Amino acid sequence: MLEIIVFTLFAATLLNLLLKQLKIPTIIGYIATGTIIAYAFDLHEAAFSHELKEIAEFGVVFLMFTIGLEFSIQHLKSMKRDVFFNGGLQVLLSAVLFTLIALFLFSIEMKSAVIIGLALALSSTAVVLKLLNESGDINKPYGRKVLGMLLFQDLAVIPILLMITIFSVHDQPVYTLIMKTAVDAAILLTGLFLTGKYILQPFLYHVSKINSNEIFIGSILLIVIGASYTAHILGFSYSLGAFIAGMLIAETHYKYQVEADLVPFRDLLLGVFFITVGMQLDFSIIREYVALISLLLPALILIKISVIFLLLRAQGEKRTALKSALALFQLGEFALVIFELSFAHGLLEPVVGQVLIVTVVLSMIMTPFVIRNLSRLTDLVISQEDSERDFPAAGDMHLSDHVIVIGYGRLGKSIARVLKREGMPYIVVESNISSVQDARKLDESIIYGNAAQKHILESLNIKEAASVIVAIGNSKKLYLICETVKALTNNSKTIVKVNKYEEKEALAYLNLSHVVVETEGTAQAMVEEARKI
């Protein structure tokens with residue numbers, strides 16, 4: 001088993017290094033790795049592959065948890081039309097069309113056809129949002145519409161997973177199963193809601209006060225796995241419990257820090273999940289149905305683009321509609337999750353599953369190339385005279401030209417007061433939860449988090465910040481934070497306060513051009529005052 005693990009790590013690393021050069025998502029590298037090791041070690045039916053699937057399921061659990069973190073009630077309210085109206089109609093119309101095709105063109109059984117239709121209606125949140133965030137297009141009109149639809153699609157995964165559970169039970173009448181599911185869902189939601197309202201916030205507050213990163217991460221893992229296991233006991237998927245737990249934490253001060261801490265777990269376990277997907281690929285079946293895949297892929301893409309374009313075109317500007325449709329043409333990672341779970345529950349035939357998985361993977365490979373040439377592709381169809389405006393839509397909460405203040409001690413508070421007085425937009429990052437809660441009572445713009453973690457600073461849109469002020473006294477933390485900021489901005493707009501000249505010299509390797517030495521600054525101010533006497 002050890003040689004399999006070593007080879008898997010080697011293959012995954014090498015493949016993703018190569019694919020990154022071509023701007024292809026790492027998901028594809030993981031799937032390819034799974035296929036390679038399955039054939040190299042003949043693991044298609046091995047017990048090792050079944051154990052691996054058990055571990056891999058937690059990749060989906062952590063993905064659903066981090067998606068839940070994005071679904072704060074305030075977030076959904078600000079985008080309700082794009083999320084619920086556009087997203088809901090897009091999923092419904094696409095799912096109906098794909099279900100009818102599965103039923104009447106391919107004679108697939110009704111339950112399986114519905115699952116296939118719903119899965120194919122989903123696009124790739126992981127790939128599309130990553131590309132749009134990198135380009136900055138997420139803040140353009142079409143980017144906001146794409147984001148809204150993707151948020152609804154992520155929400156739609158929950159009922160689809162529930163549907164798989166219901167469809168896979170054959171020894172009970174459907175109405176009995178639905179009633180039982182409704183009762184169990186009410187128990188689960190009520191229990192988790194009450195836990196979140198009365199226990200979660202005080203629990204995380206006391207954990208944060210200990211100021212131990214290991215204990216904090218351990219407590220979050222306990223919450224995620226505990227909620228997942230509770231859902232599983234009541235007959236639901238692990239993912240449902242994790243999603244609800246994420247939504248509960250999204251309403252607390254700890255959202256950003258929790259997300260930053262769990263991203264490595266999520267990405268690692270998701271990689272394992274996609275490796276198990278690759279292990280299921282059977283090239284003999286793919287060879288036999290290559291003609292069908294070649295026809296199916298463009299047909300599905302064309303249908304999806306048409307549905308999204310017509311839906312958005314009826315509401316406004318056609319160039320925005322076409323860009324949105326092209327950005328969402330692909331089939332997504334959740335389709336792979338749904339097909340894998342459906343296959344495990346006996347709802348999909350192996351041949352059908354193979355054809356669908358290959359179709360999804362091919363569409364995802366195409367996505368980076370399409371999105372990076374979106375304007376050119378749109379120009380081929382629609383004149384540039386109809387060009388959309390390149391500024392955020394109304395109500396957008398996007399941060400830009402703001403000041404990020406790291407630390408809310410005496411100096412940080414003073415800086416925040418000056419920035420507020422000068423009318424400059426700013427946001428503070430503080431790792432002491434008591435300070436954050438006190439600041440929130442004063443309506444201070446502040447979040448709880450460890451600024452030494454890239455994800456925290458990226459969530460504050462650091463690349464578009466006017467400046468970053470590091471105002472903390474702990475030298476070790478200061479070095480780590482400055483290194484993190486350098487990785488994101490090259491320290492071109494970083495202002496750092498140090499206690500003494502030796503600390504300034506120690507930071508020389510970071511090429512900081514704005515370093516304020518506290519002792520020198522104080523000495524200079526006192527000398528200036530002495531001159532006035």
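Predicted, not measured: the structure shown is a model, and the values here were computed from it. We number each residue from 1, following the sequence as shown.
When atom types are taken as modelled, the side chain of Ser94 and the backbone of Val91 share no donor-acceptor pair closer than 3.5 angstrom. Proximity of a side-chain donor or acceptor of Glu349 to a complementary backbone N or O of Gly346 within less than 3.5 Å is not detected. A donor-acceptor distance shorter than 3.5 angstrom exists from the side chain of Ser363 to the backbone of Leu331, with no hydrogens or angles considered. No donor-acceptor pair closer than 3.5 Å links the side chain of Gln330 to the backbone N or O of Val360. In terms of modelled atom types and a separation under 3.5 Å, the side chain of Gln153 and the main chain of Gly148 share no donor-acceptor contact. Looking only at distances, a side-chain donor or acceptor of Ser219 sits under 3.5 Å from a matching main-chain atom of Phe216.
Using a 4.5 Å heavy-atom cutoff, the side chains of Ile36 and Phe7 are in contact. Looking only at side-chain heavy atoms (C-beta outward), Leu120 and Thr99 stay at 4.5 Å or farther from each other. Between Val352 and Ile116 the shortest side-chain heavy-atom distance falls below 4.5 Å. Phe65 is listed as a side-chain neighbour of Ile249, based on a closest heavy-atom distance under 4.5 Å. At least one side-chain heavy atom of Leu150 sits less than 4.5 Å from a side-chain heavy atom of Leu328. Two residues are said to be in side-chain contact when any heavy atoms from C-beta on lie closer than 4.5 Å; Ile447 and Leu460 meet this criterion. Counting heavy atoms from C-beta outward, Leu336 and Ile31 have side chains that approach closer than 4.5 Å. Here the side chains of Asp379 and Arg319 are in contact, with some heavy-atom distance below 4.5 Å.
Among all heavy-atom pairs drawn from Gly449 and Ile456, the shortest one is CA-CD1, 4.1 Å. Annotation for Thr320 and Pro141: closest pair CG2-C, 4.1 Å, computed over non-hydrogen atoms. Scanning all heavy atoms of the two residues, the minimum distance from Ala327 to Leu374 falls at N-CD1, 4.2 Å. Summarising the geometry of Thr359 relative to Val355, their closest heavy-atom pair is OG1-O, 2.7 Å, with the distance given to 0.1 Å. When all heavy atoms of Ala245 and Ile223 are compared, the closest pair comes out as CB-CG2, 4.2 Å. Scanning all heavy atoms of the two residues, the minimum distance from Ala121 to Gln90 falls at O-NE2, 3.1 Å.
Every residue meeting the side-chain contact (heavy atoms from CB on, under 4.5 Å) condition with Ile462, not counting sequence neighbours, appears here in chain and number order: Ile404, Leu457, Val468, Val485, Leu488, Thr489. Taking Phe334 as the reference, nothing meets the ring-ring contact (aromatic ring centres under 6.0 Å, His included) condition, with sequence neighbours excluded. For Glu109, the side-chain contact (heavy atoms from CB on, under 4.5 Å) partners at least two apart in sequence or on another chain are Lys111, Ser112. With sequence neighbours excluded, no residue satisfies ring-ring contact (aromatic ring centres under 6.0 Å, His included) with Phe10. Partners of Tyr448 under the ring-ring contact (aromatic ring centres under 6.0 Å, His included) rule, at least two apart in sequence or in another chain, are Tyr254. Residues passing the side-chain contact (heavy atoms from CB on, under 4.5 Å) test with Ala119 are Ala335, Ile338, Phe339, sequence neighbours excluded. Every residue was checked against the salt bridge (Lys or Arg N to Asp or Glu O under 4.0 Å) condition with Asp261, not counting sequence neighbours, and none meets it. Judged as a side-chain contact (heavy atoms from CB on, under 4.5 Å), and not counting sequence neighbours, the contacts of Asn450 are Gln257, Ala452, Gln453.
Here the CG-OG distance, from Asp82 to Ser324, works out to 8.5 Å after rounding to the nearest 0.5 Å. In this structure, CD1 on Ile365 lies 4.5 Å from CD1 on Ile28, to the nearest 0.5 angstrom. Between the CG atom in Leu300 and the CD1 atom in Ile305 there is a gap of 11.0 Å [rounded to 0.5 Å]. The line from CE of Met163 to CG of Leu347 is 11.0 Å long, rounded to the nearest 0.5 Å. Rounded to the nearest 0.5 Å, atoms OH (Tyr30) and CG (Leu19) are 11.0 Å apart. Here the CG atom belonging to Leu161 is positioned 9.0 Å from the CD1 atom belonging to Ile115, to the nearest 0.5 angstrom.
The list of side chain to side chain donor-acceptor pair (under 3.5 Å) pairs with a residue in residues 294-303, not counting sequence neighbours, is empty. For the side chain to side chain donor-acceptor pair (under 3.5 Å) condition, the pairs that include at least one residue of residues 304-313, sequence neighbours left out, are Ser123-Lys304. Every pair passing ring-ring contact (aromatic ring centres under 6.0 Å, His included) that includes a residue from residues 277-328 is listed here, sequence neighbours excluded: Tyr39-Phe283.
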I would like to know whether Thr367 and Phe329 meet side chain to side chain contact (heavy atoms under 4.5 Å, CB included); could you show each step before the answer?
CA-CA 8 Å; Thr367 302; Phe329 80 91; 3.8 Å; yes
Check the pair Val290, Arg287 against side chain to side chain contact (heavy atoms under 4.5 Å, CB included), reporting the backbone distance first and the verdict last.
CA-CA 5 Å; Val290 66; Arg287 268 196 310 271; 5.9 Å; no
Give the C-alpha distance, both sets of side-chain angles, the deciding distance and a yes or no for side chain to side chain contact (heavy atoms under 4.5 Å, CB included) between Leu297 and Met366.
CA-CA 11 Å; Leu297 178 61; Met366 295 166 61; 4.1 Å; yes
Kindly determine whether Thr8 and Ile275 satisfy side chain to side chain contact (heavy atoms under 4.5 Å, CB included), including the steps that lead there.
CA-CA 9 Å; Thr8 301; Ile275 286 173; 3.8 Å; yes
Determine all donor-acceptor pairs shorter than 3.5 Å in which one atom belongs to a side chain in residues 100-107; sequence neighbours excluded.
none

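No more than 12 heavy-atom neighbours from other residues, nucleotides or ligands sit within 6.0 angstrom of OH on Tyr229.
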